[in-house]
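Following: one structure in structure tokens, then a few remarks.
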Amino acid sequence: MPEPFIERSQKPEHGDYASGFPLKLARVAGAKPMSIAEDLIGLMPPAPEIKSIVAAPPGFINFTLKSDWLTNQVDSILSARDSYANIDIGRGSRVQVEFVSLNPTGPLHVGNVRGAILGSTLANVLSAAGYDAEREYYFNDAGNQINLFYRSLFIRYLQALDKEAEMPEAGYMGNYLVDLAGEFASTEGDRFLKMDEAGAVTELGKLGVERVISKIKEELQLLGIEFDSWFTEQSLYGNGQYERAMSLLRKEGYIAEKEGATWFVSTALGEDKDNVLVRSDGSPTYFATDIAYHYNKFLERKFDRVIDIWGADHQGHVPRLKAAVGALGVNPERLELIIHQMVTLRRGGETVRVSKRTGDIITLRELVDEVGSDACRFFFLARSANSQMDFDMELAKKESADNPVYYVQYAHARIASILRLAEERGIDHSKGDVSLLTGEPELFLVRKLLLLPELVDTIARTLEPHHLPHYAQELATVFHSFYKQCRVISEDEDLTKARLKLVEAAKIVLAKTLHLMEMTAPGKM
RNA sequence: GCGCCCGUGGCGCAGUGGAUAGCGCGUUUGGUUGCGGACCAAAAGGUCGGAGGUUCGAGUCCUCCCGGGCGUACCA
């Protein structure tokens, strides 16, 4: 027996909502879809919102809403204002969105931008969907890479003070480290030369990490991104969480010692192979600390839902982390991973390498300076996380004038301009009668406005924010079309007031959409 | 080799198993002596990478093949 379902009609001719349920039911019922549709319609009680329910070949049921119910929604939008499209599917449950989480060994580059934009937008949408959403940045301030960073910085520091020193093998060669070391040479002087080298490397290194993190914060701000929490790997060791996570795994029988190392027996959970947790030299792997980190997320901080956003280069890590979370006694479905495909950056068709270690990078700052935050966000957001993207900076700049970004924002500016004019003329539309909005372009616009709450619902469930820019563009199109067909401020005072209400509602919805994407909604352009 | 992702008009992308596959850019043709022309209207342009299969119905699900990306570490 199939489950009944109803969905948005794909075309206006099919009403507002439609169901292909009779087609599904025909299989098991052994009856003709059309007659099932008609029978079902006969069983449905009349509803005040519904104008008509009709059967349509080959067996759909189409529902059309009443115009006065639709236009009344304009008043609802006006009274909801900024909270319009806020829904409550989350019921206040706690969800954590962790993203970017780049190690503090260098500045953010374009490869990190995609995750940053995805994560911040998702967190916004989840908040609107009634979740208590927390944005977290996790950074690795322990382990191999950070030691290498410490050493690299120290060598650059020595060089900045005209000492002979050679960079370590595979060290961080980027110019930013040279600059950073130069900064420290002038602000800190040569005081690190006077202590023992190991201490100096660590102390200078810590200063370096601090500095890099504050730069990362600044850069994220350029895209409007702020985090609620900055979580350090060190803290996992500081208060024993690492040990607790490991001993829990051990207690559950998922740990084995072999070949001089400590292993997570993921084969017991259907994985292809086991994974090393503690190397034979006694140091924990990234995997081990990631398990401890997720132990912290679920068992210490008790998030109901955890979303990690990773690049495709970490995709192979997903099954074993899920297995590990399960081994900790947490339902792995509570951990959701968004894997976004890689971004290749181009400049006029030429691929730009984005390796931190070789140093040839285009930073987030350069990207935002050249292309602009709004355009960046729209561009990156419009593509589904599953598809890889080429980002050509030349093209992005060149096309920006004909960009959907400006098309959408222009609609908002236009609306603002109309409302400004109405205000200048002293028109008070607060008592406007929305039932006068009977024209097709008006109702079409109302229908479009009503989609946003459903979109928030969809995105909160599917974690696919790329629908947002597409909706924004459709909404702008419908508004522009309405604008062309319906003069807002006219001699007809009552109609003017009614239409001003509609226009203001459109402004609220468009601004909300832009703000969910963390884009600006300009009053003028 | 194996695993994950992608392949949709010239280009860039949407498309919760459903009705005639959509949108932007580009191309062509029109449009305002009124609220912002950064706009609107219309047209041309598709055997949805290929072949099988499941289904009343497949761009969507399954199998195989082709092409591209990313993995496949006692790196992160």
Side-chain angles (χ1 to χ4, degrees), chain A residues 5 7-11 13-14 18-21 23-24 26-27 32-33 56-60 62 101-103 105 140 143-146 148 170 259-263 272-273 275-290 311-319 339-342 344 379 382-390 392 395 399 401-411 413-422 424-425 458 461-462 464 466-467 469-471 473-474 476-477 479-491 496 499-500 503 524-525:
Chain A
F5 64 94
E7 54 207 355
R8 271 281 169 186
S9 303
Q10 293 179 355
K11 291 177 188 292
E13 308 92 84
H14 303 146
S19 177
F21 184 53
L23 291 161
K24 287 259 190 305
R27 197 174 307 168
K32 286 201 174 4
F60 292 99
N62 293 335
S101 295
L102 174 75
N103 286 350
T105 51
N140 214 288
N144 287 343
Q145 293 305 318
I146 210 78
L148 192 58
E259 299 160 29
T262 304
W263 297 70
D272 296 344
K273 55 188 177 62
N275 298 96
V276 171
L277 293 172
V278 183
R279 300 183 186 92
S280 37
D281 69 1
S283 64
T285 59
Y286 171 83
F287 182 43
T289 57
D290 221 18
D313 51 344
H314 289 64
Q315 160 268 124
H317 185 59
V318 173
I339 304 299
H340 66 261
Q341 299 302 309
M342 306 309 278
T344 42
F379 257 103
R383 285 150 184 78
S384 100
N386 284 337
S387 52
Q388 54 201 83
M389 61 184 287
D390 278 1
D392 189 327
L395 206 63
E399 286 184 351
D402 290 317
N403 214 296
V405 182
Y406 298 101
Y407 179 82
V408 171
Q409 291 182 323
Y410 180 71
R414 199 177 223 186
I415 291 171
S417 162
I418 296 168
L419 295 174
R420 227 178 285 130
L421 181 70
E424 278 166 22
R425 299 202 183 161
T458 302
R461 282 184 294 100
T462 63
E464 289 176 348
H466 68 272
H467 299 294
H470 291 276
Y471 171 72
Q473 199 175 338
E474 282 171 23
T477 297
F479 176 77
H480 285 309
S481 178
F482 154 82
Y483 173 86
K484 209 67 179 181
Q485 295 174 76
C486 302
R487 179 161 180 92
V488 178
I489 300 173
S490 67
E491 270 77 67
T496 295
R499 284 182 173 167
L500 281 170
V503 166
K524 288 181 184 172
M525 289 176 68

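The figures here come from the full heavy-atom set of this structure, side chains too, leaving out hydrogens, waters and symmetry mates. As the structure is a computational prediction, the values presented were derived from the model and not from experiment. To find a chain, count down the sequence lines: A is the first, B the second, and so on, and within it residues start at 1.
Two residues, His480(A) and Phe21(A), neighbour RNA chain B, and the one matched to the more 5' nucleotide by heavy-atom proximity is Phe21(A). Residue order along RNA chain B, read from the 5' end via each residue's closest nucleotide, puts Arg383(A) first among Glu474(A) and Arg383(A).
Here C13(B) presents its P atom at 16 Å from CD of Glu464(A), a figure rounded to the nearest Å. Atom P of nucleotide A76(B) and atom CD1 of Ile146(A) are separated by 12 Å, given to the nearest angstrom. Rounded to whole angstrom, the span from the CD atom of Glu13(A) across to the C1' atom of G18(B) amounts to 15 Å.
Among residues two or more places apart in sequence or in another chain, the salt bridge (charged side-chain N to carboxylate O under 4.0 Å, His left out) test is passed with Asp390(A) by Arg346(A). Evaluation of the side chain to side chain contact (heavy atoms under 4.5 Å, CB included) rule for His314(A) yields Trp310(A) as partners, not counting sequence neighbours. Under the rule for a side-chain hydrogen bond (donor to acceptor under 3.5 Å, both in side chains), the partners of Gln485(A) that lie at least two apart in sequence or sit in another chain are Ser481(A). Applying the side chain to side chain contact (heavy atoms under 4.5 Å, CB included) rule to Thr477(A) yields the partners Tyr407(A); only residues at least two apart in sequence or on another chain are considered. Considering only residues two or more places apart in sequence or on other chains, Arg487(A) meets the salt bridge (charged side-chain N to carboxylate O under 4.0 Å, His left out) condition with none of them. Residues passing the ring-ring contact (aromatic ring centres under 6.0 Å, His included) test with Tyr471(A), sequence neighbours excluded: none. In terms of the salt bridge (charged side-chain N to carboxylate O under 4.0 Å, His left out) criterion, Arg425(A) has no residue partners (sequence neighbours excluded). Legend: residues meeting side-chain hydrogen bond (donor to acceptor under 3.5 Å, both in side chains) with Ser283(A), ordered by chain and number and at least two apart, are Arg279(A), Asp281(A).
Contact annotation: side chain of His314(A) to base of A76(B), donor-acceptor pair present below 3.5 Å. Residue side chain Ser280(A) reaches the base of C74(B) through a donor-acceptor N/O pair under 3.5 Å, judged by distance alone.
Among the heavy atoms of the strands, none lies under 4.0 Å from Ala422(A). Using a 4.0 Å heavy-atom distance criterion, Ala26(A) is classed as making no nucleic acid contact. Asn140(A) comes within contact range of the sugar-phosphate backbone alone, with a heavy-atom separation under 4.0 Å but no base atom that close. Residue His467(A) is in sugar-phosphate contact alone, with no base atom involved, counting any heavy-atom pair closer than 4.0 Å across all strands shown.
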Legend entry - Summary of protein contacts for nucleotides 53-63 of chain B, nucleotide by nucleotide, where a base hit scores B, a sugar-phosphate-only hit scores S (4.0 Å, heavy atoms): --SBB------

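Atom CG of Asp313(A) has more than 12 neighbouring heavy atoms from other residues, nucleotides or ligands inside a 6.0 Å radius.
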Could you pull out the protein-nucleic contacts involving nucleotides 33-37 of chain B (nitrogen or oxygen on both sides, under 3.5 Å)?
{"from": "G34(B)", "atom 1": "O2'", "to": "Arg487(A)", "atom 2": "NH2", "distance (Å)": "3.4"}
{"from": "C35(B)", "atom 1": "O4'", "to": "Arg487(A)", "atom 2": "NH2", "distance (Å)": "3.1"}
{"from": "C35(B)", "atom 1": "O2", "to": "Ile489(A)", "atom 2": "N", "distance (Å)": "2.9"}
{"from": "C35(B)", "atom 1": "N3", "to": "Val488(A)", "atom 2": "N", "distance (Å)": "2.9"}
{"from": "C35(B)", "atom 1": "N4", "to": "Tyr483(A)", "atom 2": "O", "distance (Å)": "2.8"}
{"from": "C35(B)", "atom 1": "N4", "to": "Cys486(A)", "atom 2": "O", "distance (Å)": "3.2"}
{"from": "G36(B)", "atom 1": "OP1", "to": "Ser417(A)", "atom 2": "OG", "distance (Å)": "2.7"}
{"from": "G36(B)", "atom 1": "O2'", "to": "Tyr410(A)", "atom 2": "OH", "distance (Å)": "2.7"}
{"from": "G36(B)", "atom 1": "O2'", "to": "Arg414(A)", "atom 2": "NE", "distance (Å)": "2.7"}
{"from": "G36(B)", "atom 1": "N7", "to": "Ser417(A)", "atom 2": "OG", "distance (Å)": "2.9"}
{"from": "G36(B)", "atom 1": "O6", "to": "Gly523(A)", "atom 2": "O", "distance (Å)": "3.4"}
{"from": "G37(B)", "atom 1": "OP2", "to": "Arg414(A)", "atom 2": "NH2", "distance (Å)": "2.1"}

What does the list of N/O pairs under 3.5 Å between the protein and nucleotides 4-7 of chain B look like, with a distance for each?
{"from": "C5(B)", "atom 1": "O2'", "to": "Asn386(A)", "atom 2": "O", "distance (Å)": "2.2"}

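Using atom P as the reference point in both U60(B) and C64(B), the two lie 16 Å apart (nearest Å). Across the C1' atoms, U33(B) and U29(B) are found 24 Å apart, a figure rounded to whole Å. For the C1' atoms, the distance from U47(B) to A58(B) is 15 Å, rounded to whole Å.
Ring geometry for His470(A) against His466(A) counts as perpendicular: the plane angle is over 60°, on a 0 to 90° scale with 30° as the lower cut. Using cut-offs of 30° and 60° on the angle between ring planes, the pair Phe21(A) and Phe5(A) is perpendicular.
Of all nucleotides listed (A73(B), A76(B), A19(B)), A76(B) comes nearest to the side chain of Gln145(A). Listed nucleotides: G15(B), A19(B), C40(B). Nearest to the side chain of His14(A): A19(B). When each of U20(B), A19(B), U72(B) is scored by its nearest atom to the side-chain atoms of Lys11(A), the top-ranked nucleotide is U20(B).
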Legend entry - Bracket notation of RNA chain B in which parentheses pair within the strand, [ ] cross earlier pairs, and | pairs with another strand (Watson-Crick or G-U, under 3.5 Å): (((((((..((((....[...)))).(((((.......))))).....(((((..]....))))))))))))....

